[in-house]
Amino acid sequence: MKCIYCGNAESKVVDSRSTDDGNSIRRRRECLQCGKRFTTYEVIESTPVLVVKRDGTRQAFDPLKLKGGIIKACEKRPVAIRDIDALVTSIEKQVYNSLDQEISSQKIGEMVMSGLKELDQIAYVRFASVYRDFRDVTSFIEFINAFK
């Protein structure tokens, strides 16, 4: 690791520990030439996953956007935020573990619906009403009847 003070490429690790979030390692280093100390962080490099939308456009997978949609569906429902976080984490793992660099928004929507069906039925129906984009009341009623 190159020293930020003198540019020397040789340093030794004095201290190493995980960060509070557990997603990176903090290392204290000491330059072998000038003796000054500096901190580096080591993080896992992940390849971005692109979400292919219905209209063919692509955008980076964003767990925060996913969480926002789930929170909206669970609004005014007795669903704990830790349960929502667990669902988001589960979907995020499925997306990254698929090892695909692209995933369709429909596939993500199905994952959300599957999780919400177990979590809260009203939130499930709310999400489905937006996700399925029902054109009329009849198709929505058919969906509800199939759900029973």
Side-chain angles (χ1 to χ4, degrees), residues 1-5 9 11-31 36-148:
M1 184 63 59
K2 196 174 195 179
C3 175
I4 60 172
Y5 301 106
S11 64
K12 67 177 181 178
V13 175
V14 178
D15 181 39
S16 182
R17 63 180 71 170
S18 287
T19 56
D20 291 337
D21 63 6
N23 291 329
S24 61
I25 297 174
R26 177 184 179 272
R27 297 194 195 281
R28 286 294 292 160
R29 296 179 176 271
E30 184 177 315
C31 178
K36 291 188 180 180
R37 292 186 176 192
F38 57 98
T39 302
T40 60
Y41 290 89
E42 183 179 311
V43 295
I44 296 173
E45 184 178 25
S46 62
T47 56
V49 175
L50 296 179
V51 177
V52 181
K53 313 269 296 201
R54 286 183 182 156
D55 63 1
T57 60
R58 288 164 170 72
Q59 68 182 71
F61 174 71
D62 184 3
L64 293 177
K65 185 175 178 183
L66 178 67
K67 184 177 180 178
I70 294 171
I71 286 173
K72 195 72 159 166
C74 294
E75 208 167 75
K76 297 182 182 179
R77 298 294 306 151
V79 179
I81 195 72
R82 71 178 171 346
D83 293 334
I84 293 171
D85 286 338
L87 177 57
V88 170
T89 300
S90 170
I91 293 169
E92 191 175 4
K93 284 180 183 175
Q94 289 177 57
V95 168
Y96 286 117
N97 286 341
S98 72
L99 302 178
D100 293 329
Q101 291 185 326
E102 292 185 343
I103 187 168
S104 70
S105 59
Q106 288 84 5
K107 195 168 185 178
I108 293 173
E110 294 298 327
M111 291 178 199
V112 172
M113 286 187 43
S114 175
L116 283 176
K117 192 172 188 179
E118 301 293 319
L119 203 59
D120 185 88
Q121 293 181 349
I122 300 299
Y124 168 74
V125 171
R126 283 181 182 167
F127 186 86
S129 69
V130 174
Y131 170 68
R132 298 267 191 219
D133 193 26
F134 297 112
R135 298 286 177 209
D136 55 22
V137 175
T138 308
S139 58
F140 186 67
I141 291 172
E142 289 173 1
F143 172 77
I144 297 292
N145 287 335
F147 174 62
K148 291 180 185 180

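These figures come from a predicted structure and were not determined experimentally.
A side chain to side chain donor-acceptor pair (under 3.5 Å) with Ser16 is found for one member of Arg27, Arg29, Glu42 and no other, namely Arg27.
Contact of the Val52 side chain with the Lys107 side chain is not registered, since no non-hydrogen atoms from C-beta on lie closer than 4.5 Å. Here the side chains of Met111 and Ile103 are in contact, with some heavy-atom distance below 4.5 Å. Looking at heavy atoms from C-beta onward, Ser90 lies in side-chain contact with Gln94 at the 4.5 angstrom threshold. Contact of the Ile81 side chain with the Ile84 side chain is registered, since non-hydrogen atoms from C-beta on lie closer than 4.5 Å.
Here ring-ring contact (aromatic ring centres under 6.0 Å, His included) pairs that include residues 99-122, with residues two or more places apart or in two chains, number zero.
Shown here for Val51 and Ser104, the closest heavy-atom pair between the two residues is CG1-C, 4.4 Å. Nearest heavy-atom pair, Gly69 versus Phe127, reported as atom, atom and distance to 0.1 Å: O-CD1, 4.5 Å. Residues Leu116 and Cys74 approach most closely at CD2-SG, 3.8 Å, considering heavy atoms. Nearest heavy atom pair, residue Arg58 against residue Gly56, reads NH1-O, 3.1 Å. Closest approach of Cys31 to Phe38, counting heavy atoms only: N-CE2, 4.3 Å. Taking each heavy atom of Met113 and Tyr124 in turn, the nearest pair found is O-CD1, 3.2 Å.
Rounding to the nearest 0.5 angstrom, the gap separating the NZ atom in Lys67 from the OG1 atom in Thr89 is 8.5 Å. Rounding to the nearest 0.5 angstrom, the gap separating the CZ atom in Arg77 from the CD atom in Gln121 is 9.5 Å. In this structure, SG in Cys3 is found 12.5 Å from CZ in Arg37, a value given to the nearest 0.5 Å. Here the CZ atom belonging to Arg17 is positioned 6.0 Å from the CZ atom belonging to Arg26, to the nearest 0.5 angstrom. The CG atom of Leu66 sits 5.0 Å away from the CD1 atom of Ile91 when rounded to the nearest 0.5 Å. Between the CG atom in Asp83 and the CD1 atom in Ile70 there is a gap of 11.5 Å [rounded to 0.5 Å].
Atom CZ of Arg54 sits in a crowded spot, with more than 12 heavy atoms from other residues, nucleotides or ligands closer than 6.0 Å.
No side-chain donor-acceptor contact under 3.5 Å links Ser24 to the backbone of Thr19.
For Tyr96, the ring pair (Phe, Tyr, Trp, His ring centres under 6.0 Å) partners at least two apart in sequence or on another chain are Phe61.
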